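These numbers were taken from a predicted model, which means no experiment stands behind them. Naming: A, B, ... by sequence-line order, numbering from 1 per chain.
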There are 2 protein chains.
Amino acid sequence: MSVRIEDVATHAGVSTKTVSRVLNGNPSVRARLRTRIEASIRALNYVPNASARSLAGNRSYLVALLYDNPMSGSSYTMELIVGVLQACEGTPYNAVLHPFDAADDLAARIDGFVATHRPDALVLVPPHANNAALLQRLDELGVPYSTISSKLRQSRINVGFDERKAAAEIVAHLVALGHRRIGHVAGLQGHGARTWRLNGYRDALRKAGIAYDESLVVDGDFAFASGMAGARTLLDRPRPPTAIFAANDDMACGVMREAYARGLSIPGDLSVCGFDDTPASRLISPGLTTVHQPCRELGRVAVESVLQSIRDGAPPAPERVPYQVQWRASAAVPRNP
Amino acid sequence: MSVRIEDVATHAGVSTKTVSRVLNGNPSVRARLRTRIEASIRALNYVPNASARSLAGNRSYLVALLYDNPMSGSSYTMELIVGVLQACEGTPYNAVLHPFDAADDLAARIDGFVATHRPDALVLVPPHANNAALLQRLDELGVPYSTISSKLRQSRINVGFDERKAAAEIVAHLVALGHRRIGHVAGLQGHGARTWRLNGYRDALRKAGIAYDESLVVDGDFAFASGMAGARTLLDRPRPPTAIFAANDDMACGVMREAYARGLSIPGDLSVCGFDDTPASRLISPGLTTVHQPCRELGRVAVESVLQSIRDGAPPAPERVPYQVQWRASAAVPRNP
DNA sequence: TTGAAAGCGCTAACAA
DNA sequence: TTGTTAGCGCTTTCAA
């Protein structure tokens, strides 16, 4: 059908094994020979057959991304996927995507998945990244994996960013603008993101000498509706906050909806901040001040780290990628501090 | 390493070939034998090795999704991916995702892609679905493909939905509310979506007996900023529109931003409608009236159709999937008609 | 540092 | 309807 390794070997006047060595970056090939073989590969436009390679080498060259079944078009997952694909580019590896419902017992179903796809490595995102039983099973199966934003120590390779510091930075900015009563709509229990962002909020208050007022913190679940509900509770307080920091953008949008429903203007009557920098945070009016969650970077680094650990044997230390705060118009000096 | 087809054959007391026939749904296996073999497969927890299968069968069991490099987290692409993955579930097929920059000459690069991945089928979305040279090259290479929302007749298998009718429905609704001067921010030239939605807009006006006023139609490029710019132009007209229908949600959000910047209220002073039903359309305030683009369905049907054409030989007729209009608060009776 | 030969696990021809 | 045999294209022993 097409060009095979044998054709390259003939063209270069060597054995197929030597071509194979070049293909796999085996260092024990003389430089001159390597150059000649590489020239033949280009000349014949040779591309190795992935199936034959996997079969003979007992490797799939597959990296599987396990994520939660995104109910709505989740830009988080999309960006992650983009990063994962970027990391695979230029390597012999390919990505396999697999949405898994968080409600399912993944620790039990993972065996079937691994048997079917035989991935060389896995990348897990929350909530799966926080599933201790799942990680343990993967350890038992001997499948290398990396996690993204996991809160478990158990994960040998984890990538994330300093969500706590980022949240503190947002809240410190609100303080600097003159806000003293700052509300917080917290994220879903069990997610690292909830704890880190809430802690960042508290850090900034403490640093500013503002007493923590638990009546200004309400629970949310990262969904729009819970942001609305949270704002309702906070704005009904005898002394309502002049600013609300929501643990993610979807909830911040809910806060804005509720504020508008009460005839409040943003940021005049109420400053609002979010977290994630989803597309909606740019599209909504006014633009939402938020933390850019570096999803692509996270996906890219997660893949690179786990592949490196396969190559080099030693698992690399957990990684931290940089983040950035997006200052937009939704936060301003309070009208009535 | 693990259970092989030979083990199943031994267990069931048949030849490997017969097991293979069962695996591949070959009808020429007696029912009783089939049942026995299937029992053995379950008993041994056998899973075929995909690489060996591909190599021997000269098929990759891969469906490649070629989409444009999404600059921002595109919910369109994400939803499509979800649909594609859904369609692969329960089949031996897997999806390979490949973002391709629309600026690149894909028709020239497709050979390398096909040689590397050897996909059994391709699914193309705009703008690639509108790339005539690309489709021609695929025809030459003999790779089956389906397109999504392509405007080219050339594509034998195309899935889409009636965008023209959906747009007309939205505009008819504005008319029914009492609007007579309705502006339109059109999509990017060359996209089917631009033409279909613009035509739908004109259809609705004609049906309502409202003369088409070209000063109320401005060009956009599907991006937020072009929605703002379009609104600026339209609202600066001597007799500005009381409603604006943007060809997608991102531009509709831009229209809203510009309206707010002028102190207009929505929908009191200006009704706004979009198209696509992106996450932002739900999160923005007021909620945006828009057409739900059935991306998952499109992705799912595109895969199913092309796989069916591989099985049955005959390409199925182009498919139309249903859509739905999302009525939200951004469109209402005009305050000053 | 390089090469020869033996599979990896499956399917496709062909035969029975 | 079922079984036998020969590969698919590559990597891996092992030897040179």
Side-chain angles (χ1 to χ4, degrees), chain A residues 1-38 40-41 44-62 92-94 114-118 120 310-311, chain B residues 1-38 40-41 44-62 92-94 114-118 120 310-311:
Chain A
M1 168 161 152
S2 53
V3 186
R4 289 161 313 151
I5 197 170
E6 205 184 313
D7 302 323
V8 176
T10 308
H11 186 273
V14 295
S15 76
T16 60
K17 177 59 199 165
T18 306
V19 178
S20 171
R21 287 193 180 96
V22 170
L23 253 31
N24 293 284
N26 188 317
S28 73
V29 178
R30 218 170 295 225
R32 285 193 48 183
L33 202 53
R34 171 184 302 278
T35 313
R36 201 168 82 214
I37 293 170
E38 281 167 349
S40 296
I41 289 174
L44 298 177
N45 222 341
Y46 168 72
V47 182
N49 178 313
S51 304
R53 226 177 171 186
S54 307
L55 182 58
N58 195 30
R59 291 193 283 165
S60 64
Y61 293 97
L62 247 38
Y93 287 90
N94 265 295
V114 169
T116 311
H117 295 277
R118 295 165 204 270
D120 292 341
I310 292 175
R311 262 201 317 279
Chain B
M1 168 165 154
S2 51
V3 185
R4 289 160 313 151
I5 197 170
E6 205 185 314
D7 302 323
V8 177
T10 308
H11 187 272
V14 295
S15 76
T16 60
K17 182 55 201 165
T18 306
V19 178
S20 171
R21 286 193 179 96
V22 171
L23 253 30
N24 292 284
N26 188 316
S28 74
V29 178
R30 216 171 298 228
R32 284 193 48 183
L33 202 52
R34 171 183 302 279
T35 313
R36 200 168 83 213
I37 292 170
E38 281 167 348
S40 296
I41 288 173
L44 298 177
N45 223 339
Y46 167 72
V47 182
N49 179 314
S51 304
R53 227 179 170 182
S54 307
L55 183 58
N58 194 30
R59 291 193 282 166
S60 64
Y61 294 98
L62 248 36
Y93 288 88
N94 266 296
V114 169
T116 310
H117 296 278
R118 296 165 202 270
D120 292 340
I310 292 177
R311 262 202 316 278

Does A/Arg53 place a side-chain N or O at less than 4.0 Å from the phosphate oxygens OP1/OP2 of D/dG9?
no
How about CZ on A/Arg32, more than 12 heavy atoms from neighbouring residues, nucleotides or ligands closer than 6.0 Å, or not?
no
Please give, in whole Å, the distance from C/dG9 P to A/Arg59 CZ?
16 Å
Sorted by chain and residue number, the side chain to side chain donor-acceptor pair (under 3.5 Å) partners of B/Ser54 (sequence neighbours excluded) come out as none
List in chain and number order the residues that pass side chain to side chain donor-acceptor pair (under 3.5 Å) with A/Asn26, two or more places apart in sequence or in another chain; answer none if no residue qualifies.
A/Ser28
My understanding is that only residues two or more places apart in sequence, or in another chain, count here; which of them pass side-chain contact (heavy atoms from CB on, under 4.5 Å) with A/Thr10?
none
Measuring to OP1 and OP2 of D/dC10, would you say a side-chain N or O of A/Tyr61 lies under 4.0 angstrom away?
no
Whole-Å distance separating the OH atom of B/Tyr46 from the C1' atom of C/dG9
7 Å
Rounded to whole angstroms, how far apart are CG on A/Asn49 and P on D/dT11?
10 Å
Note: contacts of residues 4-25 of chain B with DNA chain C (heavy atom, under 4.0 Å) are B/Arg4, B/Ile5, B/Lys17, B/Ser20, B/Asn24
Expressed in angstrom and rounded to an integer, what is the separation of A/Asn58 atom CG from C/dC8 atom P?
11 Å
Between C1' of C/dC10 and CG of B/Asn26, the distance in whole Å
15 Å
Can you name the residues that form a side chain to side chain donor-acceptor pair (under 3.5 Å) with A/Ser51, not counting sequence neighbours?
none
Candidates D/dG9, D/dT2, C/dC10 - which lies nearest the side chain of B/Ser28
D/dT2
Testing D/dT2, D/dC8, C/dC10 for proximity to the side chain of B/Leu55, the answer is D/dC8
Contacts of A/Thr35 that satisfy side chain to side chain donor-acceptor pair (under 3.5 Å) - sequence neighbours left out
none
